[in-house]
Amino acid sequence: MRRTVIAGNWKMNMTPKKTAEFIKALAPMVAGKDKCDIVLCVPAIDIPAAVEAAKGTNIKIGAENVHFKASGAYTGEISAEMLVEAGVEYVVIGHSERRQYFGETDKTVNLRTLAALEAGLKAIVCVGETLEERELGYTETLLKYQTKMALTNVKAEQLKNVIVAYEPVWAIGTGVTATAEQADEGNGFVRAAIAEAFGNDAAESITVQYGGSMNDGNAAELLSKVNVDGGLIGGASLKTDKFTAIVDAANA
Ligand code: 13P
């Protein structure tokens, strides 16, 4: 059985103070809902507050990026070792916003993934096509390419710490959700790429999330699909009630 993972990606939202308040409010709402892993990926500055507030709860804390070098002259960057020592367990890598605005490439996504795994972090690796790429008919090719590139040189035994999030770029923050069928198909392309690169058993056991305007209203249908093993949630992860409703959908 694949593990369902419901992860919030807060992006550039919330301060340390708001983080502590949010998690204190959320914790009792999601307590005992253990049919899925519950993760909040938060801005770096919010990590200490998040880790402290999540102590003794079933909420796990993730970062939104990690640098691929262990240390050195990389002003503004954060290493995997720093994240681990701060109590972080997960890290989002290669989000489309980083690809779009911060020069992230398939190569750097791969390097970050390798560094995260080497440090013992769980990597949430994001892939997804733009609307133009979809309309040109490149979705399958692109998702398979991005997935394989991101996981180049990942060892088979490290795959248990890899989650792939299929996030169609056209569905992120737009309110336009992929239909459950489109999500299932996209996640299926990712799984097929894993099968091609690592074999069928690996493909069957890897968690593949869907992300892109997932919310309290559509989560149940999306999560009902065979290839959708959870969600990576932006906007709706900033509201305790909406995020809880998604966790509930995963626990139904
Ligand atoms: P929204 O849920 O706000 O569309 O964001 C999705 C996302 O990018 C999660 O990483």
Side-chain angles (χ1 to χ4, degrees), residues 4-14 18-19 22 26 36-44 46-47 50 59-66 88-102 104 109 112-113 116 121-131 133-134 139 142-143 146-147 150 162-180 182-184 186-187 190 207-223 225 228-250:
T4 299
V5 181
I6 301 296
N9 171 14
W10 279 2
K11 309 190 179 182
M12 198 172 73
N13 292 291
M14 301 277 199
K18 285 181 187 161
T19 297
F22 183 97
L26 179 69
C36 64
D37 289 340
I38 302 169
V39 185
L40 290 175
C41 299
V42 306
D46 297 336
I47 286 170
I59 301 167
K60 301 184 165 80
I61 302 304
E64 297 180 12
N65 194 16
V66 61
V88 164
E89 291 179 61
Y90 291 76
V91 59
V92 176
I93 296 175
H95 191 279
S96 66
E97 286 149 17
R98 295 216 60 87
R99 294 179 191 255
Q100 189 178 348
Y101 304 129
F102 302 104
E104 193 78 68
V109 170
R112 290 183 208 280
T113 302
L121 291 164
K122 293 186 171 65
I124 302 178
V125 179
C126 302
V127 298
E129 83 288 0
T130 63
L131 186 58
E133 288 159 346
R134 171 167 283 267
T139 302
L142 193 99
L143 291 181
Q146 286 185 347
T147 302
V162 175
I163 294 167
V164 183
Y166 167 50
E167 299 208 306
V169 178
W170 46 271
I172 294 176
T174 57
V176 182
T177 318
T179 64
Q182 286 171 323
D184 194 42
N187 282 28
V190 169
T207 294
V208 186
Q209 296 175 316
Y210 167 78
S213 301
M214 189 187 268
N215 59 41
D216 46 327
N218 59 29
E221 196 190 351
L222 288 161
L223 293 169
K225 292 295 177 185
V228 180
D229 311 316
L232 187 57
I233 298 119
S237 74
L238 297 167
K239 299 269 182 276
T240 52
D241 54 345
K242 288 191 196 303
F243 190 66
T244 300
I246 298 171
V247 169
D248 286 340

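Numbering of ligands and ligand atoms starts at 1, following listing order.
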Trainee: Nearest heavy atom to atom 1 (P) of ligand 1 wins, so pick from Ala7, Gly128, Ala236, Ser213.
Mentor: Ser213
Trainee: Report the C-alpha separation of Lys225 and Asn187 in whole Å, then their side-chain angles, then the decisive distance to 0.1 Å, and conclude whether the side-chain contact (heavy atoms from CB on, under 4.5 Å) test is met.
Mentor: CA-CA 10 Å; Lys225 292 295 177 185; Asn187 282 28; over 6 Å; no
Trainee: Return yes if some donor-acceptor pair links the side-chain N/O of Thr207 with the main-chain N/O of Asp229 below 3.5 Å, else return no.
Mentor: no
Trainee: So, is Gly212 polar-close to ligand 1, with some N/O to N/O distance under 3.5 Å?
Mentor: no
Trainee: Which atoms of ligand 1 sit under 4.0 Å from any heavy atom of Ala171?
Mentor: 4 (O)
Trainee: I'd like to know if the side chain of Tyr90 and the backbone of Ala7 have a donor-acceptor N/O pair within less than 3.5 Å.
Mentor: no
Trainee: Which ligand 1 atoms are under 4.0 Å away from a heavy-atom of Gly235?
Mentor: 1 (P), 2 (O), 3 (O)
Trainee: Show which atoms of ligand 1 fall inside a sub-4.0 Å distance from at least one heavy-atom site of Lys11.
Mentor: 5 (O), 6 (C), 7 (C), 8 (O)
Trainee: Could you list which atoms of ligand 1 come closer than 4.0 Å to a heavy atom of Leu232?
Mentor: 9 (C), 10 (O)
Trainee: Check ligand 1 against His95 and write out every atom of the ligand that is under 4.0 Å from a heavy-atom position of the residue.
Mentor: 7 (C), 8 (O), 9 (C), 10 (O)
Trainee: State whether the side chain of Thr130 and the backbone N or O of Val169 hold a donor-acceptor pair below 3.5 Å, judged by distance alone.
Mentor: no
Trainee: Answer yes if the side chains of His95 and Glu64 hold a donor-acceptor pair under 3.5 Å, and no otherwise.
Mentor: no
Trainee: Which of the atoms in ligand 1, numbered in the order shown and given with their element, are less than 4.0 Å from a heavy-atom of Asn9?
Mentor: 9 (C), 10 (O)
Trainee: Examine distances only and state if a side-chain atom of Tyr166 and a backbone atom of Pro168 form a donor-acceptor pair shorter than 3.5 Å.
Mentor: no
Trainee: What protein heavy atom sits nearest atom 7 (C) of ligand 1, and how far away is it?
Mentor: Glu167 OE2, 3.1 Å
Trainee: Out of the candidates Leu40, Asp216, Leu238, only one should pair with Phe243 under the side-chain contact (heavy atoms from CB on, under 4.5 Å) rule; please name it.
Mentor: Leu40
Trainee: In terms of residue, atom name and distance, what is the protein heavy atom nearest to atom 2 (O) of ligand 1?
Mentor: Gly234 N, 2.9 Å
